[in-house]
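Each chain gets a letter, A, B and so on, in the order its sequence line appears, and its residues count up from 1.
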There are 2 protein chains.
Amino acid sequence: MKVDGKPYRTIWLGDKPGEAWIIDQRKLPFAFEEVVLKSTEDTARAIYEMYVRGAGCIGAVAAHGMYLAAVECEVEVDSVESFDQAFRKKGEQLCETRPTAMNLQWAVERQVREVSSQDSIQEKVSRAREVAREVADEDAEWCRRIGENGLRLIQEIFEKKGGKDPVNILTHCNAGWLAFVDWGSATSPIYAAHDAGIPVHVWVDETRPRNQGARLTAWELGQQGVPHTVIVDNVGGHLMQHGMVDMVITGTDRTTYTGDVANKIGTYLKALAARDNDVPFYVALPSSTFDWEIRDGVKEIPIEQRDGEEVAFLSGLASTNDTEETEVNLVAEGSPVANYAFDVTPSHLVSGLITERGVCDANEASVFSLFPEKQK
Amino acid sequence: MKVDGKPYRTIWLGDKPGEAWIIDQRKLPFAFEEVVLKSTEDTARAIYEMYVRGAGCIGAVAAHGMYLAAVECEVEVDSVESFDQAFRKKGEQLCETRPTAMNLQWAVERQVREVSSQDSIQEKVSRAREVAREVADEDAEWCRRIGENGLRLIQEIFEKKGGKDPVNILTHCNAGWLAFVDWGSATSPIYAAHDAGIPVHVWVDETRPRNQGARLTAWELGQQGVPHTVIVDNVGGHLMQHGMVDMVITGTDRTTYTGDVANKIGTYLKALAARDNDVPFYVALPSSTFDWEIRDGVKEIPIEQRDGEEVAFLSGLASTNDTEETEVNLVAEGSPVANYAFDVTPSHLVSGLITERGVCDANEASVFSLFPEKQK
C-alpha cells in the first residue's frame, strides 16, 4: 500500500544480498522509519521488540530472517550438514521471540524444510531467498483475494442504499496491511471498494489499551486517502442505533471451524450492538487463521492476560515539535489494573467470514464447503 | 465520604461567613486540593472550568454560590428591592456557566424564590446560607437512600452466591460521591454493602474519552477501601461471558419516565452484554434525574457532541515525581475525530431503577407507582 504516495509492503528484500527492510511500526503514526535487517539477530530483535506485529507480517518477516540466517550460515560453516544444523538452530532462535505466534513457527519450518532439500550451500541460500519472497507474495495474494471477495458485500450495500451515499464501515483494532504484507484482512475489502470508486467512510475504534486503531488503522486509511473518523471504543453502539454504520468488518486472531471469533478485546461488544441493530458483522481472515481443532471458542480459547502497564500507561506526542513520544500514567498508584487482551465473539453474532476463497457463513458446514480438504 | 480517613463532602461552608469550599476534581487522582470560593465569580469559574462536575454536585455548589452572592449583595446595595434585583442578576451569571445543567438552574431558582420572600437584607443572607445547606443535605440524603435501597439487591445476590464470595459489580464512568454531595448514585449501594460487611469487588471501566472511571471512581473506591480493578471499556463483555460480573450498576444523566437511560457513552454496550449473559443491569438515580416529558429516549434525547480534542488528547503523570500532568496527543494530524458524549440504553435492557424511594422496573407503570404525583 502507499506511504506518502509510494508503494510499500511491510517487508521487502534490499538491493544488496543479505538485507531485508521493514517499517518500525512502533513509531507510527508520528514517525515513519524504514529499518534494515542484516542478520538473524536483527530479525529476532525486530520481532521481539514489536517493530512488526500481526500474524501475516510476523510470518513474512521470519521467512526473510531465515534468508538472512542462510547468508550467515554460508559464511560461518563449510559443509552441507553443518549448514543445515546451524540453519535449524537459527530458526529456533527466531521462534523463541514470540512463542505463541503460529505464523512465525510455520514460516521457519517451511524454510527449514525447503532449504534442507537443496544439495549445495549456494542452492540453499538461493532457495531461502526465493522462499522468503514466496511467503510474502502468498500473504499479499491471499489478502488481495479477501479484498476482492469482500468488495462484493460492500458493493451490494452501496447499491441497496441507492448507489450514492458512502458506505459506513466500522472496524476495531488494526487488521490492516501493516499486520500482513500488503492489503490487510479487514481493510482489504475497504481498499478494494475505494479503488473501485465506491465511496466508503470508516469509523475507526481507537482500540484501547494499545490504540492500534487510532495509531495504525487511521494512519493507513489516511495514507490511501480513505475517509475515516477516529472514535473511542464506547461509541459504536450509539452509531449503530442511529443508522450511522452500514456494516462492521474486523480481523481475527483465531477463528474456530465452527465460526467463533477470537479477536482484540471489545470485538464482542460491537458484534452485540450490530446484532441489536441489524447491522451485518463480518470477519475477514486468511484461512491460516482458522483453528481446525477447537469447537467451542468461548469455552476453549485461552484468553491472554497482558501486563497491566499497557492499561495504566499510554504514550503520545507531548508537543507537536517532539520527535519522541512521552508516556503518561493514567491510573493512580494503588488502583489495581487488569488487561484481558482478546475476547471471543460467538458464531451466532457473525454474519459471515470473508476468506481468500470466498465468503461463507460462520458455521461448520459452510466453512467446510469452502475448505473441504480440512474436513476429517 | 472519606479522603485519607477524614470525612468529606464535595461542597461545604467555611468557618468564616462568605466562604464555601470545594475539591478541585480536575487534579484527581494525582493531587487532592481543597479550594475556597469567596464570591459568585469564584463559583462561576469553578463550575465553568469544571473544578466540579456531576448534576448533584453542580446544583449544591450553585446553591452555595448563591449564598456567596447574597453576602456580596449585602455589601453592594442598600435597599431590599435592589438586593433582590442584584441577587437575581448574579443567579443569571451562574446559570450561564453551564446552560444545559438542569440542577444548576434549579438550585439558583430555588435560592431566588426563597431569598426574595424574606423581608430584610439580614434575613435574606441568613436564609441563603440555610438554603445552601438544605440543598446539600437533601442531595446527600437522597443518595444515602439510594444506597439503602440498592444494598438489598447486592445482599440478595451475595446470598444467592452462597454468602461467601465477593459480589462483582461493574460500573461505568463516575456516578460516585464526587458527582453529588456525598455517597453518589451508582456507588452508594456499593458503599452501603461495603459498610454492611458484604464483600464486594468493583470492575471500574476507565470510561474514555475523559477517563472519569480510572481517575475518579477508582480513587473514590480506593479511599473507602473498596476492592476494585480498573479495566479498559472493551473488557466488560468478556468478563460477563465468563461469569466474572454479578451485576452492573451505572448512573444516568437523564432517564425518561418510560425507563430509557441516557448515560455516558458506552453504557449501552455494557447493557447489551449484560442482557446476553443474564447479568442484572441496574441504574441508580435520584428522582431529579427523571425526564417526565420524553417518551422515547433513543429517538428524542439529543446527544451532545463534544470537542474532538477530548479524544485526541489525554493527560496523566509523565513521571512519578511530577506534580503537574502532561497532555499527550494520541491521534496523528489529519485523522478526523468524533466525540459523542452519551448514549441511550433502551428500557428493555434495564433490570431496574434504584431511586431514593425504592427500586422500580424500567417502565412507565412501575416508575409512576413510585412517583404517583408525577402522573398527569
Side-chain angles (χ1 to χ4, degrees), chain A residues 28-30 203-204 206-209 211 214-215 218-219 221-222 228-239 241-242 264-270 272-273 276 298 303 311-318 320 325-340 342-344, chain B residues 28-30 203-204 206-209 211 214-215 218-219 221-222 228-239 241-242 264-270 272-273 276 298 303 311-318 320 325-340 342-344:
Chain A
L28 291 173
F30 301 113
W203 295 107
V204 180
E206 67 171 344
T207 320
R208 286 278 290 148
N211 278 31
R215 295 183 67 107
W219 179 82
L221 293 167
H228 64 282
T229 306
V230 176
I231 48 176
V232 298
D233 303 308
N234 283 324
V235 172
H238 170 72
L239 297 176
Q241 253 181 349
H242 291 270
K264 186 63 54 189
I265 191 81
T267 303
Y268 167 51
L269 292 171
K270 294 304 139 62
L272 284 169
D276 199 43
V298 176
I303 299 299
V311 173
F313 293 84
L314 196 58
S315 68
L317 288 194
T320 43
E325 294 181 38
T326 302
E327 188 177 66
V328 295
N329 183 5
L330 307 173
V331 177
E333 228 180 312
S335 275
V337 168
N339 185 12
Y340 296 86
F342 305 98
D343 63 22
V344 176
Chain B
L28 292 173
F30 301 114
W203 295 107
V204 180
E206 67 171 344
T207 320
R208 285 278 290 147
N211 277 31
R215 296 183 67 106
W219 178 81
L221 294 167
H228 64 281
T229 307
V230 176
I231 48 175
V232 298
D233 303 308
N234 283 324
V235 171
H238 170 73
L239 296 177
Q241 252 182 350
H242 291 269
K264 186 62 53 190
I265 191 81
T267 303
Y268 167 51
L269 292 170
K270 294 302 138 62
L272 284 168
D276 198 44
V298 176
I303 298 300
V311 173
F313 293 83
L314 197 57
S315 69
L317 287 193
T320 42
E325 294 182 37
T326 301
E327 187 177 66
V328 296
N329 183 5
L330 308 173
V331 177
E333 227 180 314
S335 275
V337 167
N339 184 13
Y340 296 87
F342 305 97
D343 63 21
V344 176

| message | In terms of relative ring orientation, are A:His238 and B:Tyr340 parallel, tilted or perpendicular, with 30° and 60° separating the classes? | response | tilted
| said: Donor-acceptor check, side chain of A:Gln241 to backbone of B:Val344, threshold 3.5 angstrom: yes or no? | reply: yes
| message | At a heavy-atom distance under 4.5 Å, which candidate from B:Pro29, B:Ala273, B:Ala318 has the highest pair count against chain A? | response | B:Ala318
| request: Against chain A, label B:Glu206 side chain, backbone, both or neither, depending on which of its atoms sit under 4.5 Å from a heavy atom there. | output: side chain
| query | Is the side chain of B:Asn234 donor-acceptor paired with the backbone N or O of A:Arg208 at a distance under 3.5 Å, no angle test? | reply | yes
| remark: Note: A:Pro209 and A:Leu314 closest approach over all heavy atoms is O-CD1, 3.6 Å
| query | With a 4.5 angstrom heavy-atom cut-off, which part of B:Leu221 approaches chain A: side chain, backbone, both or neither? | reply | neither
| task | Among B:Thr320, B:Leu239, B:Val235, B:Asn211, single out the residue with the greatest number of heavy-atom pairs under 4.5 Å to chain A. | result | B:Val235
| request: Between chain B and each of A:Ser315, A:Gly237, A:Pro336, A:Ala332, count heavy-atom pairs under 4.5 Å; write down the option with the most. | output: A:Pro336
| request: Answer with side chain, backbone, both or neither: which region of B:Asp233 has an atom nearer than 4.5 Å to a non-hydrogen atom of chain A? | output: both
| Under a 4.5 Å cut-off applied to non-hydrogen side-chain atoms, are B:Arg215 and A:Leu330 in contact? | no
| note | On a heavy-atom basis, the closest approach of A:Ala214 and A:Val204 is N-CG1, 4.3 Å
| task | Flag the pair A:Glu325 / A:Leu317 as yes when at least one side-chain heavy-atom distance between them is below 4.5 Å, and no otherwise. | result | yes
| remark: When rounded to the nearest 0.5 Å, the distance separating CG of B:Asn329 from CZ of A:Phe30 is 5.0 Å
| message | I need the residue from A:Trp219, A:Phe342, A:Tyr268 with the largest number of non-hydrogen atom pairs under 4.5 Å to chain B. | response | A:Tyr268
| Which one of A:Thr326, A:Val298, A:Asp343, A:Thr207 has the most heavy-atom pairs closer than 4.5 Å to chain B? | A:Val298
| query | Heavy-atom distance under 4.5 Å to chain A: side chain of B:Leu28, backbone, both or neither? | reply | neither
| Region of B:Thr267 in contact with chain A, defined by heavy-atom distances below 4.5 Å | neither
| field | Partner chain B: residue of A:Ile231, A:Asn339, A:Ile303 with the largest heavy-atom pair count (under 4.5 Å) | value | A:Ile303
| query | Who wins among B:Gly222, B:Ala312, B:Gly266 for the most heavy-atom pairs under 4.5 Å with chain A? | reply | B:Gly266
